[in-house]
Number of protein chains: 2
Amino acid sequence: MKPGASPDTFPPRSHEAKRISVVEAAASVFCREGFAGANIDLIAAEAGVSRQTVYNHHGDKEKLFIAVVRDLTERCNAGIFATIATFPDQPGDLEADLVGFAVRMNRNCICNRDGRFLRKLIQAEGERYPELFAEWREQGPGRTWSALAARFARLAYAGHLSIDDPDVAARQFLALVNAELQISFMLGGTPTEEEVLQSAGNGVRTFLRAFGRHKAASHAPRKSALVGA
Amino acid sequence: MKPGASPDTFPPRSHEAKRISVVEAAASVFCREGFAGANIDLIAAEAGVSRQTVYNHHGDKEKLFIAVVRDLTERCNAGIFATIATFPDQPGDLEADLVGFAVRMNRNCICNRDGRFLRKLIQAEGERYPELFAEWREQGPGRTWSALAARFARLAYAGHLSIDDPDVAARQFLALVNAELQISFMLGGTPTEEEVLQSAGNGVRTFLRAFGRHKAASHAPRKSALVGA
DNA sequence: ACAAAATTAGACACTCTTGTCCAAATCGTC
DNA sequence: GACGATTTGGACAAGAGTGTCTAATTTTGT
C-alpha cells in the first residue's frame, strides 16, 4: 500500500512489519474473542493484510497463537525488568519513592496493553497450553518476584525496612498496591491514573505500616501525587 | 426410573433436575472451552441429556450462558455472605481467628468450583456482556466488600485493630491473604490446602503488623462508629 | 391404566471457519 | 526497467456447529 514513507528506523519494512502487524492484530483479536472465537479473516483485516499472508507467515491458527503469547511474554518481561531496575535502592522519601515505583510498575507493565493481553490469554487459555505457560511462569513471575525480593532485601539490609522473608514481602507488596484494581483487571479494563495512584498510595502506606522502621508513627493522611515517568 | 417417591418438595424431579444438570455441565464446558469454543452437543452429553432438551430448556446458546452466570453468581454470593457471617467479631486469638476466617473464605468461596468458574467466565467473557457483569459487580464485590469492611470496623471500634479506612483495610485483607495464590488463580488451578494456609498465615501476619494494636495500646479508637450489621 | 407432557435420536438446512490453491498485481532490489 | 519474491483476492473443499423439525419413546400425574 504505502511505498516508502516511514521516517523512522525501519530498513526492512514490508516483510517484518507485516509479520509484526499480524501478531499485534492477532493479540487483540485473541483477547477479545478467545482462541476459538478468533477469526483469521478478522485478524487479517485488522492487520491490514490478506488472509493468505497470515498463513504464509504463521502456518496455522495455533502457531499464530503461540507466536502471540511468546511475543507478549518477551515484551512484558523486558518491561518488568526495566522497571525493577528503577527500584529505589537509596530512597530519599521512602514512601513517595515506593509509590512512584508501584505506579511505574502498574502503568508500564501491568495495566498497559501487553500486560492486559498477556494476563487475559493466560487466564483464558492457560490450561490448554501447559508447556507454553509453564515457560511464561518460570521466566515471568518466578524471576520477577526473585528480583523484586532481592531489592527489598537490600532495603531491609540498609535499615530502611524490617522484613522477615523478602520473598513474601515482595509478593505482598504487589498484592497491596494492586488491591484496589482487582475489578478492573477482572473485566479487562484499564484503571484510570487516579485509581492506580490511589491503590498504590494506600498499598504502600499499609506496606510501610507493616514493614517500615517507625521513627515516629505518623498517621497523616496525605496525597503524595508525585509520579515519575 | 423412580415413579413417585419424592419425600421432599420436588413434585417434578426429572424436569428441574435436568435443567440443573444442563446448567452445571454448561458451566464446566464454557469454562474449559470459552463461549465460542463451547459445543452444545458436548454440553448435552456431559449433562446426560439430548441436545434437544438443552434447547427446550434454555432457548439458545447465549441464553444458556446467561443462565450459567446468574446461577454461579447467586451461589457464590450466598457462600460469601454465609462465610462473612462467621467473621470473628469477638476474637479470642485474633491472629488465629483471622487465619481461620481467611481459610474458610478461600476454601468455600474463592477456590471452590463455583468461585473458580465464575471468575474465569467473568475474565473471559465479561466485556461481551456488560450489563450481566455489572449486575455481578454490584451484587458481588460491592456488597461483599462493604459487609467485610463493616466487620473490620467493628473490630477496630472494639479496640482490636487500628484502622483508618475500613473499606481499604477490607480490600487489603483479601489481597494479602490471597497474595501467594495469584498464579494458581491465573491458571485456573486449585491451590492445595497447604498453600491456602501458608498464604493466609503470611497475609494475616502482615495485616496485623499493619493494623494490629500492639499490646501497648495507646491510641484511642476515634473513628466514626458507624458500624451497621 | 391412560392421557398429557417431556425426552430422545436422528436428519436436516444453513452458516461460518479453516486451510489450500492459483493467477494476477505489487513490491523490493538490482 | 526488469526480475524474483511477496502479497493479494477470490474460489474452493472439507468440516464443524447451531438451531429446527419430526416421529417414536419414555416419564409423569391422575
Side-chain angles (χ1 to χ4, degrees), chain A residues 1-26 28-68 125 128-129, chain B residues 1-26 28-68 125 128-129:
Chain A
M1 297 287 178
K2 284 168 278 181
S6 150
D8 271 337
T9 58
F10 272 39
R13 182 162 28 228
S14 279
H15 190 54
E16 268 312 307
K18 274 178 204 288
R19 171 184 218 93
I20 293 172
S21 177
V22 169
V23 172
E24 294 212 359
S28 171
V29 174
F30 277 135
C31 281
R32 221 171 41 239
E33 315 286 347
F35 178 83
N39 171 317
I40 302 276
D41 285 353
L42 182 58
I43 292 173
E46 207 152 302
V49 302
S50 70
R51 176 174 60 243
Q52 187 58 44
T53 297
V54 177
Y55 283 106
N56 286 345
H57 276 283
H58 297 98
D60 66 15
K61 196 179 180 181
E62 189 160 317
K63 291 203 189 71
L64 175 56
F65 179 77
I66 291 174
V68 166
E125 316 289 346
R128 201 190 310 281
Y129 298 88
Chain B
M1 301 286 179
K2 285 166 271 182
S6 103
D8 272 336
T9 57
F10 271 38
R13 177 159 34 223
S14 279
H15 190 55
E16 268 314 303
K18 275 177 203 287
R19 171 184 218 93
I20 293 172
S21 176
V22 168
V23 171
E24 293 213 358
S28 171
V29 174
F30 278 134
C31 281
R32 220 170 44 237
E33 314 287 347
F35 178 81
N39 171 317
I40 302 275
D41 285 352
L42 182 58
I43 292 173
E46 208 151 301
V49 303
S50 71
R51 176 173 63 244
Q52 187 58 44
T53 297
V54 177
Y55 283 106
N56 286 344
H57 275 284
H58 297 98
D60 65 14
K61 196 179 179 181
E62 189 161 315
K63 291 204 189 70
L64 174 57
F65 178 76
I66 290 174
V68 166
E125 316 289 346
R128 201 189 309 281
Y129 299 87

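Values in this document were obtained by computation on a predicted structure and should not be read as measured data. Just so it is clear: chains get the letters A, B, ... in the order the sequence lines come, proteins before strands, and each one is counted from 1.
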Aromatic plane relationship, A/Phe35 with A/Phe30 - under 30° parallel, 30 to 60° tilted, over 60° perpendicular: parallel
Atom-pair distance (CD on A/Gln52; C1' on C/dG19), nearest Å: 9 Å
Sugar-phosphate only, base, or nothing, as touched by B/His57 at under 4.0 Å among non-hydrogen atoms: sugar-phosphate
Any B/Lys18 side-chain N or O less than 4.0 Å from OP1/OP2 of C/dT8: yes
Side chain to side chain contact (heavy atoms under 4.5 Å, CB included) between B/Asp60 and B/Lys63, worked out: CA-CA 5 Å; B/Asp60 65 14; B/Lys63 291 204 189 70; 3.3 Å; yes
Heavy-atom closest contact (A/Val23 atom, A/Val68 atom, distance): O-CG2, 3.7 Å
Validation row: B/Val29, B/Asn39 side chains within 4.5 angstrom (heavy atoms): no
Among C/dT7, D/dT6, D/dT20, the nucleotide that comes nearest once only the side chain of A/His15 is considered: D/dT6
Qualifying side chain to side chain donor-acceptor pair (under 3.5 Å) pairs with a residue from residues 44-57 of chain A, counting only residues at least two apart or across chains: A/Arg19-A/His57, A/Ser28-A/Glu46, A/Arg32-A/Glu46, A/Asp41-A/Arg51, A/Ser50-A/Thr53, A/Gln52-A/Asn56
Euclidean distance, atom CG of residue B/Leu64 to atom C1' of D/dT18 [Å, nearest integer]: 13 Å
End axis versus end axis in the helix from C/dA1-D/dT30 to C/dC30-D/dG1, the angle rounded to 10°, five pairs used at each terminus: 40°
Close approaches to DNA chain D from residues 36-51 of chain B, in residue order (heavy atom, under 4.0 Å): B/Ala38, B/Asn39, B/Ile40, B/Arg51
